[in-house]
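See structure below.
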2 protein chains.
Amino acid sequence: MKPRITLKNIAKEFGVSISTVSKALKDSHEISEETRSKIKAFADYYNYKPNSLALQLRNQRTSVIGVIIPEIVHHFFSTVIEGIEKYANEKGYSVMVCISNESFQKEVSNIGVLTNGSVDGLIVSLSRETQELQNYHHFEALLKDDFPLVLFDRIIEELECDKVIIDDVGGAFKATNHLIELGAKRIALITTKDYVSVGSLRKEGFKKALKSNNIEIDDSLIFKIDEKLNTYEQIKKVLFVTNPPDAILAVNEIYAATALKIAKERGLNVPKDLAIIGFTSGLISEFTSPSLSSVEQHGFLMGKQAAELLIDRIETEGNLEFQKVVISPDLKVRNSTQIN
Amino acid sequence: MKPRITLKNIAKEFGVSISTVSKALKDSHEISEETRSKIKAFADYYNYKPNSLALQLRNQRTSVIGVIIPEIVHHFFSTVIEGIEKYANEKGYSVMVCISNESFQKEVSNIGVLTNGSVDGLIVSLSRETQELQNYHHFEALLKDDFPLVLFDRIIEELECDKVIIDDVGGAFKATNHLIELGAKRIALITTKDYVSVGSLRKEGFKKALKSNNIEIDDSLIFKIDEKLNTYEQIKKVLFVTNPPDAILAVNEIYAATALKIAKERGLNVPKDLAIIGFTSGLISEFTSPSLSSVEQHGFLMGKQAAELLIDRIETEGNLEFQKVVISPDLKVRNSTQIN
DNA sequence: TACAAACACGAAAACGTTTGCGAAAAATCA
DNA sequence: TGATTTTTCGCAAACGTTTTCGTGTTTGTA
C-alpha cells in the first residue's frame, strides 16, 4: 500500500510549517488567502484525508462503538446490529462487531481487545456460557472504571449499567392468554434451560397467565431443550406421548417451526388439533404452512435504544443515572392460532 | 470514564523514565530484575494495557479489517461475516462492519470513513445501487494507492483486485438440469433485474442448461423481479396464467418460498404439479412444507476465503498477483423436487 | 518619525507508545 | 589504582494531528 499523504508532506512541498498547513486546510483566518488556496488545491488534488488514528489519539475518543453478540447468523441479533449501526452512524459513530460464539473465553478476550482504547463504549449481549457460569468479573472490572457499557436482551440484572430488554414476561403472558382464549386446556411450553435469562422469564410469563386463568400448572408439560443435544428429537417427545397437549408456546422460532413440522408428521391439524405460537426472530414463521403466530421482538428498536443509551453516556460528562429500557413485544397472529 | 493508566503514570510513580517502564514490561534485559518486578507488579495491579491507538499509530497498522455489506439482516451476508470474523480473529485481526443499505452514497461514505487509517484493508460486496449506476470511482481510487481490497459475491469483473465468488452459472446449471431430469418441460426462472450480477449469472446458467438439453428458451418464462415493488404480487404472475410452468428455478430463498406459498394457494401439488428449487441463504427452506430444494451457497467458506486473501495481501510486501477464488455450490435436494 | 495594530506564520506541547543510542554507575580485570 | 567492561537507565525521535502562544513583518495612525 502506498503511504498516505500527510500534513508533513504538504508542508515540505510548500516550504511552510505543519501548523500552517493544518490551519490552511481548516480555513483559518490566520493564514493568507493566497497560501490557503494553494495548499487546499494541492491537498485536494492528492486527496488528503486526516489520519483518523492520530485524531483519535489526540482527541482521546475514537467515535467507534464495540458490539459483542453471541452469534451473528441469527435474525434477532443481526436486526439489533442493524438498529445499532443506523443510529450510531447518524451520530457519527462506526461499529466494531465481535462474536463471542456463546463462549465465555471468547467474550472475555473480545472485551480485552475492544477496551484497549479502540472503542468509546460497548454494547453486549451475554454468551450462553457466561450465563451458565455466572462469572461477570470482566464486566465488573469495566464498570469500576466507569467504562460506558450497555447490556441488551441477555443481561445481568445485578450489574449497575444501562440495559435494554424485552418484556419477556409480558410477551409470554400475552401469548399464553391468546392460546387460552382459543380454548386451549393443556398448553405445553417448549423453553430453554433455566440459566438462559430470556427462557426463564418467558416461562414466568407463561405460568403467570395460567394462574390468572386458574389453570393448574403441569410441570410435565414444560420441556427444557438442551441446545447441545438434537433439538428435533427432544421436541418430538412433546407430541409423541399418550396425552398430548392441545397448544404449544415455544420460546423461539426454531422450536415453534420444529414443533409444527413434527405435528404435521404426526398427522395433527394445526391449529384445530394443536395451536402453536412462538417468539419470532426470523422469516420462517411467515413461510411455514400454516404460518406461525408469534411474539414480535422489535430487534431494530432494541438496537437503536441500546445505541442511544450508550452514546448518551459517552457524550455526557458528569454522572447519569443508569436506565433500564423495557420494550413491549407485540402479538402477531397468523394461521397457526387462527380458526376460521 | 476514568482515564486509563499509562506508561507515564507508572513512570512517575517510581520516578523512572517512560522508556524504562516500557522496557520493564517487555522483560528487557536492559532493566534490572528488581526494577522490572516492581514495575510489573504495579502495572499488573492497576491492570495496565497498552493503548492500542498509540500502538497503531506507531506501527502504522491497525489489525482491523473493514467489511461493507449491503444488508446484515440477511442469512447469506451474516454467514459471510461469521466466516470473515472467525478467520480474522485467528490471525489477530478485528472486524469493523459497515452497512451500505444498498445505497451508493452510503457505500462511498463508508469507504471514506474506513480508509482514513482505521483499517488495514477492506472486504466489500457491492450495493445494488452501485451495480445499477456502474460507478466504481471510489474503488478505483483505492486501488490506485494499492489499498488492500477484496470483493465478494457482488463484484466488479473489470477491477484489478482480489475476488471471491460463487460459481453462479454452475449452480443454476446444476439446478436446472436437476429439474429437467425430473421431467420438467416448461421451467420458469424467477430472477432479479439484470444489473444484479448474481441474478444475471444465474440466468446464464439456466439458459445454458436448457440449451444443452435442447429445450427452447421461452423468454415469457423469465421473470425479473423489481425489488422496489411488491414481490408477492409480481411472483403471482408467474403462476396465475393460462399456461403455467411445471417447474420453477428461483434465484433466492424468498422468491422460492413465495412461489411455493402461491402455488399452494392455487391448489397446486408441489412437487407433482410444480417442482421448485431455489438458492438458499437461510433457514426458510428447511421449514416450509414441502421443504424446498436449493443450491447451497457456502457463505462461511466465502467469508473465510475473502479474509484469507485480504490478510495475505496486507501482510505480504512486494506485489502479489490478484486472485479470483470461485466456490462451487452444492445441490441440496429436499421435498419440493422429490417425487417418491 | 515613532509607535501601535493587524497580519502571516512557526515552535512546541500534547495524545501514548517503542526503540536505538548515549551515558552514568557499578563491577571486573590487570 | 587505573582501565575496561557490564549493567542499568534516560534521551529523543517517530507515528500524524491540533492548538496555544510567540514572533517577525507589514500596514496604519498620530
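From a predicted model like this one, the values you see are computed outputs, not experimental measurements. We use all heavy atoms of the structure for the numbers below, so side chains are in, but hydrogens, waters and symmetry mates are not.
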Could you tell me how far apart [X] ([atom1]) and [N] ([atom2]) are, to the nearest whole angstrom?
X: A:Leu57; N: C:dT18; atom1: CG; atom2: C1'; value: 14 Å
X: B:Gln56; N: D:dA14; atom1: CD; atom2: P; value: 21 Å
X: B:Ile39; N: D:dT8; atom1: CD1; atom2: P; value: 13 Å
X: A:Lys12; N: D:dG16; atom1: NZ; atom2: P; value: 11 Å
X: B:Arg61; N: D:dG16; atom1: CZ; atom2: P; value: 16 Å
X: A:Lys8; N: C:dG10; atom1: NZ; atom2: C1'; value: 16 Å
X: A:Gln60; N: D:dT17; atom1: CD; atom2: P; value: 17 Å
X: A:Arg4; N: D:dG16; atom1: CZ; atom2: C1'; value: 10 Å

Backbone N/O of [Y] and side chain of [X]: donor-acceptor pair under 3.5 Å:
X: A:Lys2; Y: B:Lys144; answer: yes
X: B:Thr79; Y: B:His75; answer: yes
X: B:Thr35; Y: B:Ile31; answer: no
X: B:Arg4; Y: B:Lys49; answer: yes

Between B:Lys86 and B:Glu82, does at least one N-O distance fall below 4.0 Å, as a salt bridge requires?
->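 Looking at B:Glu82 together with B:Lys86, the answer is no, because their closest N to O distance does not fall below 4.0 Å.
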With a 3.5 Å cut-off and no angle check, do the side chains of [X] and [Y] form a donor-acceptor pair?
X: A:Thr130; Y: A:Ser127; result: yes
X: B:Asn110; Y: B:Ser100; result: no
X: A:Asn89; Y: A:Glu85; result: yes
X: A:Lys91; Y: A:Ser63; result: no

Check every atom of [options] against the side chain of [X] and return the nucleotide holding the closest atom.
X: A:Ser32; options: C:dA8, C:dT17, D:dT17; result: C:dA8
X: B:Leu7; options: C:dA13, C:dA8, C:dT17; result: C:dT17
X: B:Ser19; options: D:dA12, C:dT17, D:dT17; result: D:dA12

Spacing of [atom1] belonging to [X] relative to [atom2] belonging to [Y], to within rounding of 0.5 Å:
X: B:Gln131; Y: B:Glu107; atom1: CD; atom2: CD; result: 9.0 Å
X: A:Asp162; Y: A:Glu308; atom1: CG; atom2: CD; result: 11.0 Å
X: A:Ser197; Y: A:Asp153; atom1: OG; atom2: CG; result: 7.0 Å

With 3.5 Å as the limit, what N/O pairs link the protein to nucleotides 23-27 of chain C?
none

Axis-to-axis angle between the two ends of the helix from C:dT1-D:dA30 to C:dA30-D:dT1 (five base pairs per end, rounded to 10 degrees) =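 Comparing the first five pairs with the last five, the axes sit 70° apart.
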Between A:Pro50 and B:Val16, which has a closest nucleotide on DNA chain D that is more 5'?
->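 Looking at DNA chain D, the more 5' nearest nucleotide goes with B:Val16.
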Mapping B:Glu33 and A:Lys49 onto DNA chain D by nearest heavy atom, which one lands closer to the 5' end?
->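 Of the two residues, B:Glu33 wins.
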With heavy atoms under 4.0 Å as the rule, sort A:Tyr48 into base, sugar-phosphate or nothing.
->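 Sugar-phosphate contact only.
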Quick one: label B:Leu53 by what it contacts on the DNA or RNA (base, sugar-phosphate, nothing), any heavy atom closer than 4.0 Å.
->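 Nothing, no nucleic acid heavy atom in range.
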Residues from residues 20-30 of chain A sitting under 4.0 Å of DNA chain C, heavy atoms only?
->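 Contacting residues: A:Thr20, A:Lys23, A:Glu30.
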